[in-house]
Structures are given as C-alpha cells and as structure tokens.
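We count residues from 1, following the sequence as given.
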Amino acid sequence: LNEKAYAVTTPLLTKADGSKFGKSTEGNIWLDPELTTPYQFYQFWINAADADIPKFTRYFTLHTQEEIEARESMYADNPLELKRLLAEELTIRIHSEEVYQSVLKVTELLFNRKASKEQLMTLSESELKTVAAEIPSFTFPRAVLTNGANIVDLLAEHTQVVASKGDARRAIKGNAISVNKEKISGQDAVINHEALLHGKYLMVENGKKNKFMLEATG
C-alpha cells in the first residue's frame, strides 16, 4: 500500500533458569479459567522461583517503580510475601476480587492443618470441585449411601484411601480418619446422603497430611 507500518516489540521473558515464559512451555498458565483455574493461576505465582519475582513484578504489576522498590526493600528477607502480593494483584485483576477470595478459601482448606469444619462448610460446589482437582479423588455410586454405608466398607471397597478393611480399621482405631472434618470414632460409623456436601462430595482425611475427595455419582 506504500504506507508506513509500525510495530511494538518487547524482550522475550525468560525465567531465572533460562527457560522462556510462554504458552508452549510445560507448566504454562492461561487467562481462561477453563484452561487454568484461578486457584492454579494463583499458585503459579506463589510457587515461582524467588529469583524470578523481581522480573515478574516489573513486567506484570501496575505499581510504580518507586512502589516496587519500596516493597522489595521492606520484604527483602521475605520472598514469599513478595510472591503473595503479586499473586493477589494478578488474580484480582484477571479473575476479580470475589474469585480471589474463593481461591484463598480453597488454599486455606488445603494447606492449613487447623482448617475447621465450619470453613469446609462455607465452600461452594465449584470450590469443592477445585479442591477435588488438587488432591487424590475417587468416585463411588450414590446408591451405596441409600441405606447408609459402613465407613470401613466405604473406604476399603469404593476408594483407595486405604488398601484394605484391615487398614481402615487400624486407621480408625488410631483416630486418623475424618469425614468432612469430623473424626470417625468407631468402626461401626455409618455415612449417609446427609453427609454429602452440596449433595455430591465427601472430604476424607487419613492422618494430618493425607486428604481425599469422594464424589457420589449416578
């Protein structure tokens, strides 16, 4: 057309290990929540290498240079807080304040060993779905709960929370099994439909670290 053309370029964004930040790399993130959930998006920044945070902050934050440098000086010995601040800003900007608060609820349930039953009960169905995607999860026929299911049978026959009924009994005897944040005190405990969160989920814990999500189907 014999007209002038203009282009804007930016240096390739690379990480501290020399790898590029791009959609074709392993562990990439998307803005579309269907491709990268808001929880995964938030955790990407939280789990970034300490050495990458100064660069990421300068690329993606909307704060001024002075604000960034002041923040880095304030948290020079606390890189996790720098990651958290960046993760918070980007999650809110891309997904909204409401979604960010939802992400915090899921994070608290997954990582705080003192998370309570009350906290679990506040989670929406979509938040429980996010939790299920982050921990070992199993499906079982809803009909199993029709007349109430013995906890030992439920765990041993319909999930991989335990390897056998014997393991289930030992775990219960050791006060290790919880369902929806309530300790199972006896081998005769019965789980019915009323225990299902949003008519669909059961959260089971075996010890302090092992969390599982059971989903009733059918």
- [ ] List, by chain and number, the other hydrophobic cluster members for Val190, where Ile, Leu, Val, Met, Phe, Trp and Tyr join if side-chain heavy atoms come within less than 4.5 Å, directly or indirectly.
- [x] none
- [ ] State which residues pass side-chain hydrogen bond (donor to acceptor under 3.5 Å, both in side chains) with Thr14; sequence neighbours excluded, sorted by chain then number.
- [x] Lys55
Open item on the list: Counting C-beta onward and ignoring hydrogens, is there a side-chain heavy-atom pair between Leu202 and Leu196 closer than 4.5 Å?
Closed with: yes
Open item on the list: If you define the side chain from C-beta out and look only at heavy atoms, does anything of Glu125 sit under 4.5 Å from Lys129?
Closed with: no
- [ ] Determine the minimum heavy-atom distance between Thr36 and Trp30, stating which atoms define it.
- [x] OG1-N, 2.8 Å
TODO: Could you note down all residue pairs passing side-chain hydrogen bond (donor to acceptor under 3.5 Å, both in side chains) where residues 1-13 supplies at least one of them, sequence neighbours left out?
DONE: none
In a table with atom names and distances, give each donor-acceptor pair under 3.5 Å that connects a side chain of residues 41-50 to protein atoms at least two apart or in another chain.
unit_1	atom_1	unit_2	atom_2	d
Trp45	NE1	Phe41	O	3.4
Asn47	ND2	Gln43	O	3.0
Asp50	OD1	Lys83	NZ	2.7

TODO: With the side chain counted from C-beta on, respond yes when Ile151 and Gln187 share a heavy-atom pair under 4.5 Å apart, and no when they do not.
DONE: no
- [ ] Determine whether Phe60 and Leu13 make a side-chain contact, defined as any pair of heavy atoms from C-beta on separated by less than 4.5 Å.
- [x] yes
TODO: Could you list the residues that satisfy side-chain hydrogen bond (donor to acceptor under 3.5 Å, both in side chains) with Thr61, not counting sequence neighbours?
DONE: Glu89
Task: For Glu182, all residues meeting side-chain hydrogen bond (donor to acceptor under 3.5 Å, both in side chains), sequence neighbours excluded - done: Lys117
Task: Sequence neighbours excluded - side-chain hydrogen bond (donor to acceptor under 3.5 Å, both in side chains) pairs with any residue from residues 139-163 - done: Asp153-Lys165, Glu157-Lys165
Task: Enclosure of Asp17 CG (heavy-atom neighbours >12, cutoff 6.0 Å) - done: yes
- [ ] Keeping to residues at least two apart or across chains, list the side-chain hydrogen bond (donor to acceptor under 3.5 Å, both in side chains) pairs with something in residues 191-214.
- [x] Lys181-Glu205
Open item on the list: For the CG atom of Leu86 and the OG1 atom of Thr57, what is their distance to the nearest 0.5 Å?
Closed with: 4.5 Å
Counting only pairs under 3.5 Å, give me each side-chain donor-acceptor contact of residues 68-76, with atom names and distances, residues two or more places apart or in other chains.
unit_1	atom_1	unit_2	atom_2	d
Glu69	OE2	Gln65	NE2	3.0
Glu72	OE1	Arg58	NH2	2.9
Glu72	OE2	Arg58	NH1	2.6

Open item on the list: If you count every heavy atom of other residues, nucleotides or ligands that lies below 6.0 Å from Lys173 atom NZ, does the total exceed 12?
Closed with: no
- [ ] Just jot down the ring-ring contact (aromatic ring centres under 6.0 Å, His included) partners of Phe138, sequence neighbours excluded, or say none.
- [x] none
- [ ] For the residue pair Leu62 and Arg93, establish whether any side-chain heavy-atom pair is separated by less than 4.5 Å.
- [x] yes
Task: Side chain to side chain, Gln40 and Glu134, heavy atoms closer than 4.5 Å - done: yes
TODO: Could you identify which residues cluster with Leu12, counting Ile, Leu, Val, Met, Phe, Trp and Tyr as linked when any side-chain heavy atoms lie under 4.5 Å apart, either directly or through a chain of such contacts?
DONE: none
- [ ] For Lys105, enumerate each residue passing the salt bridge (charged side-chain N to carboxylate O under 4.0 Å, His left out) test, keeping only those at least two apart in sequence or located in another chain.
- [x] Glu127
